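Contents: one structure, followed by commentary.
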Amino acid sequence: MNNPRIVFLQRPSLGELPIVGQHVKLDSSYTIDLKNVPLNGGYLTKTLILSPEPSIRERMRDSTIDSYTTTLPTGAPIVGPGLVVVLRSEKDGVNVGDYLYGQTPWEAYIVQPYVEGRVTFKQGEWAPDTFDMDSLALQVVPDPKGLYPLSKYVNLLGTPGLTAFVGFEGLVEAKEGDTIFVSSGASGVGSMVVQLAKLKGLKVISSAGSDAKVDYLQSIGADFTFNYKKESYESVLKRHGPIHVFWVSKSSSLPMTMLVEKRLMQD
């Protein structure tokens, strides 16, 4: 059986986006015997959905650069969040037909737990706050039985939804009627925060980088949306303040100095 994979070839330069053929490539030369491949106490999965996320780009950096994630090894399949289904199993608690979500190689079929793409994590060899991404092991998730699409496991019920929920519920201190500004509101995490804020009765101002994304933000309930490439953050936030909560994406172009300028908090 053909077993294609997406291989991480070379690390992009700092600030550079990965280029297909130079940094990553589709390799269709691999095969697998689905009936006879040794499981060694593990289980065989078929990949259903892969979720390209910002953390994967962060993991492509050189390992000498400190960050919040472990890095990816070159020459191996990219590893990231995904949804898989079990085809064969020798592991207790994992049964044929189970759906699982978590870190998995970008490959059609994999014997789990995966070996290729995994890094050796010893805390003393990494920056103090580095998180071992391979520790986000696959976990069995419910079969939706048609109640919702499987794609929900890589958005609302996956990393974007979890990030938004934990961050909003754990860090945001706001009461009904307060105003929150959400940068990158049309992103996976940002769109969840917009909706969580509306459920709490907050007024939501949100930015995006295109008119289509602005329209999307309006469709999910944001009170005021704007294209930051056409209107400045400062003018919009001063006009719609006071701003009680800022939710700012790491990738946002919002100048961080604006977050400490008290005039944005004034009526």
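Throughout, numbering of the chain's residues begins at 1 and tracks the sequence. Every value quoted in this text rests on a predicted model; they were computed, and no experiment measured them.
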Nearest heavy-atom neighbours spanning Glu90 and Asn40: OE1-N, 3.6 Å
Answer with yes or no whether the side chains of Gln112 and Thr104 bring together a donor and an acceptor at under 3.5 Å. yes
Taking the basic N atoms (NZ, or NE/NH1/NH2) and the acidic carboxylate oxygens, is any pair closer than 4.0 Å for Lys203 and Glu176? no
Is there a side-chain contact between Ile180 and Val193 in this structure, where contact means two heavy atoms from C-beta onward sitting under 4.5 Å apart? yes
Donor-acceptor pair between Asp134 and Gln103 side chains, under 3.5 angstrom: no
So how far is it from Leu237 CG to Glu234 CD, rounded to the nearest 0.5 Å? 8.5 Å
Are Tyr233 and Tyr228, when compared by the centres of their aromatic rings, separated by less than 6.0 Å? yes
Is it the case that more than 12 heavy atoms not belonging to Asp62 sit under 6.0 Å from its CG atom? yes
Should Glu231 and Arg239 count as an ion pair when the cut-off is N to O under 4.0 Å? yes
Heavy atoms of other groups near Asp129 CG, more than 12 under 6.0 Å: no
Does the side chain of Arg88 come under 3.5 Å of the side chain of Thr45 through a donor N or O and an acceptor N or O? no
In this structure, CD of Gln195 is separated from CD1 of Ile220 (nearest 0.5 Å) by 4.5 Å
Close side-chain approach of Phe226 to Ile205, heavy-atom, < 4.5 Å: yes
Relative to Tyr30, does Arg5 satisfy both conditions: NZ or CZ under 6.0 angstrom from the six-membered ring centre, and within 45 degrees of the ring's axis? yes
Could you measure the distance from the NZ atom of Lys175 to the CG atom of Asp178? Nearest 0.5 Å is fine. 4.0 Å
Greater than 12 external heavy atoms within 6.0 Å of Gln123's CD: yes
Do the ring planes of Tyr153 and Tyr148 sit parallel (below 30°), tilted (30 to 60°) or perpendicular (above 60°)? perpendicular
What's the shortest heavy-atom distance between Ala127 and Asp66, and which atoms? CB-CG, 3.5 Å
Between Val24 and Leu26, is there a shared hydrophobic cluster once you connect ILVMFWY residues whose side-chain heavy atoms come closer than 4.5 Å? yes
Do the side chains of Ser67 and Thr130 get nearer than 4.5 Å, heavy atoms only? no
Straight-line distance of Leu138 CG to Asp98 CG, nearest 0.5 Å: 11.5 Å
Distance col, row Ile32:CD1 vs Leu44:CG, nearest 0.5 angstrom, shows 5.5 Å
Within this structure, what is the OG1-CG distance for the pair Thr225 and Asp211, rounded to the nearest 0.5 Å? 9.5 Å
Glu53-Ser51 side chain donor-acceptor pair, cut-off 3.5 Å: yes
